[in-house]
Amino acid sequence: MLGPDFFARSALTVARELMGKFLVRRIGGETRAAIIHETEAYVGPHDLACHASRGRTARTEVMFGPAGYWYVYFIYGMHWMLNVVTSRHGHPAAVLVRGAGPWIGPARLTKALAIDRTLNGQPASPESGLWVEDRGYRVRRGAIRRTPRIGVDYSGEWAARPYRFVMGRPHDDELAALH
DNA sequence: GCAGTGATCATA
DNA sequence: ATGATCACTGCC
């Protein structure tokens with residue numbers, strides 16, 4: 001399991017390093033794991049696309065705390081977004097998990113893994129039922145593309161920054177070789 | 001292309 | 001109390 005040391009780095013570093021790691025969900029007696037292939041970094045209060053840039057509020061509170069906790073919020077009246085808090089305590093930053101396993105799109109992912117507000121503020125560890133593991137998948141350096149983030153056109157110059165990371169999804173036989 | 005859907009936050 | 005906004009998706 002990846003713990004606080006993994007997440008207590010810059011959002012950009014964590015967003016890149018999450019490529020190829022596994023998001024693991026335990027619901028009831030069942031455990032499901034999905035390889036992460038798309039993330040976005042929200043780097044701090046100066047980042048106008050980051051929710052924390054509009055101040056410390058009830059919603060953004062968890063981002064101001066220590067790294068390695070889930071930040072889950074509701075958007076467009078329908079969708080849950082999954083983020084993990086990064087960086088140092090007091091510096092609000094997070095990584096949005098946009099795609100994992102067969103699920104493309106942040107709201108489809110949370111729907112498939114039954115992620116909602118009950119996970120907000122919970123630790124990324126088995127005690128919350130949602131955590132991240134390194135299962136040995138190694139991403140080729142050239143396999144990661146960077147693009148601007150999706151849906152943040154309102155954020156001026158920050159909209160163009162290449163803070164989205166996308167990895168080609170591995171084939172089934174590559175995944176079968178992992179434990 | 002754009003409607004749906006409701007929490008959140010600023011304004012009052 | 002009211003209204004604008006929204007890190008999306010699915011259907012036109």
Side-chain angles (χ1 to χ4, degrees), chain A residues 2 6-21 23 25 32 34-88 90-124 128 130-132 144-169:
Chain A
L2 298 174
F6 178 88
F7 296 106
R9 299 178 290 168
S10 76
L12 283 168
T13 298
V14 174
R16 186 183 64 239
E17 297 251 334
L18 278 174
M19 294 285 104
K21 302 300 191 293
L23 185 64
R25 178 71 165 127
R32 272 187 265 181
I35 190 165
I36 297 169
H37 55 77
E38 181 180 350
T39 60
E40 284 178 359
Y42 291 83
V43 302
H46 53 299
D47 173 2
L48 296 182
C50 182
H51 290 165
S53 69
R54 277 150 297 187
R56 186 170 185 155
T57 66
R59 182 176 69 156
T60 61
E61 181 65 27
V62 65
M63 267 200 281
F64 288 79
Y69 287 78
W70 300 118
Y71 167 42
V72 179
Y73 67 91
F74 192 58
I75 189 92
Y76 296 119
M78 285 173 248
H79 306 303
W80 297 100
M81 300 281 111
L82 175 67
N83 304 250
V84 63
V85 176
T86 71
S87 193
R88 67 178 189 280
H91 182 267
V95 170
L96 170 65
V97 183
R98 292 188 58 93
W103 302 296
I104 298 169
R108 290 172 168 180
L109 171 67
T110 53
K111 184 177 180 189
L113 294 179
I115 290 163
D116 62 20
R117 76 172 331 126
T118 62
L119 278 157
N120 187 50
Q122 296 291 311
S128 70
L130 184 66
W131 66 97
V132 179
I144 300 175
R145 281 187 300 125
R146 294 182 62 168
T147 80
R149 293 169 292 186
I150 304 296
V152 297
D153 291 346
Y154 59 83
S155 62
E157 63 169 301
W158 290 88
R161 300 221 180 183
Y163 289 177
R164 173 172 174 250
F165 295 80
V166 188
M167 177 185 91
R169 284 191 294 148

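So you know, we letter chains A, B, ... as the sequences are listed, proteins then strands, and number each from 1.
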Tell me whether the side-chain N/O atoms of H79(A) come closer than 4.0 Å to OP1 or OP2 in dT5(B). no
Tell me the closest heavy-atom pair linking R9(A) and T86(A), and the distance in Å. O-CB, 3.6 Å
Determine whether the aromatic ring of Y76(A) stacks with the base of dG4(B), defined as ring centroids separated by less than 5.5 Å and ring planes inclined by less than 30°. no
Under 6.0 Å between the ring centres of Y69(A) and Y71(A)? no
Using a cut-off of strictly less than 4.0 Å between a heavy atom of the residue and any atom of DNA chain C, enumerate the qualifying residues of residues 101-121 of chain A by number. G105(A), P106(A), A107(A), R108(A)
Please determine whether any donor N or O and acceptor N or O are separated by less than 3.5 Å between the side chain of Y73(A) and the base of dA7(B). no
Does M78(A) reach a base, just sugar-phosphate, or nothing at all? Heavy atoms under 4.0 Å. base
Round to the nearest Å and state the distance from M81(A) atom CE to dA7(B) atom P. 16 Å
For R149(A) and dC8(C), what is the distance between atoms CZ and P respectively, to the nearest whole Å? 12 Å
Please report the shortest heavy-atom distance between P106(A) and L96(A), naming the atom on each side. CB-CD1, 4.4 Å
How would you label the contact of R59(A) with the nucleic acid (heavy atoms, under 4.0 Å): base, sugar-phosphate, or nothing? sugar-phosphate
Side chain to side chain contact (heavy atoms under 4.5 Å, CB included) between V43(A) and C50(A), worked out: CA-CA 7 Å; V43(A) 302; C50(A) 182; over 6 Å; no
When you check the phosphate oxygens OP1 and OP2 of dA7(C), does a side-chain N or O of Y154(A) lie under 4.0 Å from one of them? yes
May I ask which nucleotide in the shown strands pairs with dG10(C), Watson-Crick or G-U wobble, both distances under 3.5 Å? dC2(B)
Taken to the nearest whole Å, OH/Y42(A) to P/dC6(C) is 12 Å
Paired with dT8(B): which nucleotide, if any, by Watson-Crick or G-U wobble criteria at under 3.5 Å for both distances? dA4(C)
Nearest-angstrom distance from the residue atom CE of M63(A) to C1' of dT8(B): 13 Å
Considering all heavy atoms of both residues, which atom of D47(A) and which atom of A41(A) are nearest to each other, and what is their separation? OD2-O, 4.3 Å
Mind checking if L96(A) touches a base, just sugar-phosphate, or nothing, with heavy atoms under 4.0 Å? base
Whole angstrom value for the distance that separates P of dA7(C) from CD of E40(A): 10 Å
Rounded to whole Å, how long is the line connecting atom CZ of F74(A) with atom C1' of dT5(C)? 15 Å
For V132(A) and F7(A), run side chain to side chain contact (heavy atoms under 4.5 Å, CB included): C-alpha distance rounded to whole Å, both residues' side-chain angles, the deciding distance at 0.1 Å, then the answer. CA-CA 10 Å; V132(A) 179; F7(A) 296 106; 4.0 Å; yes
How long is the line joining CH2 of W80(A) and C1' of dC8(C), in whole Å? 14 Å
Provide, to the nearest angstrom, the distance between the CZ atom belonging to R56(A) and the P atom belonging to dC9(B). 13 Å
Between Y42(A) and V152(A) the two heavy atoms that sit nearest each other are OH-CG1, 3.8 Å
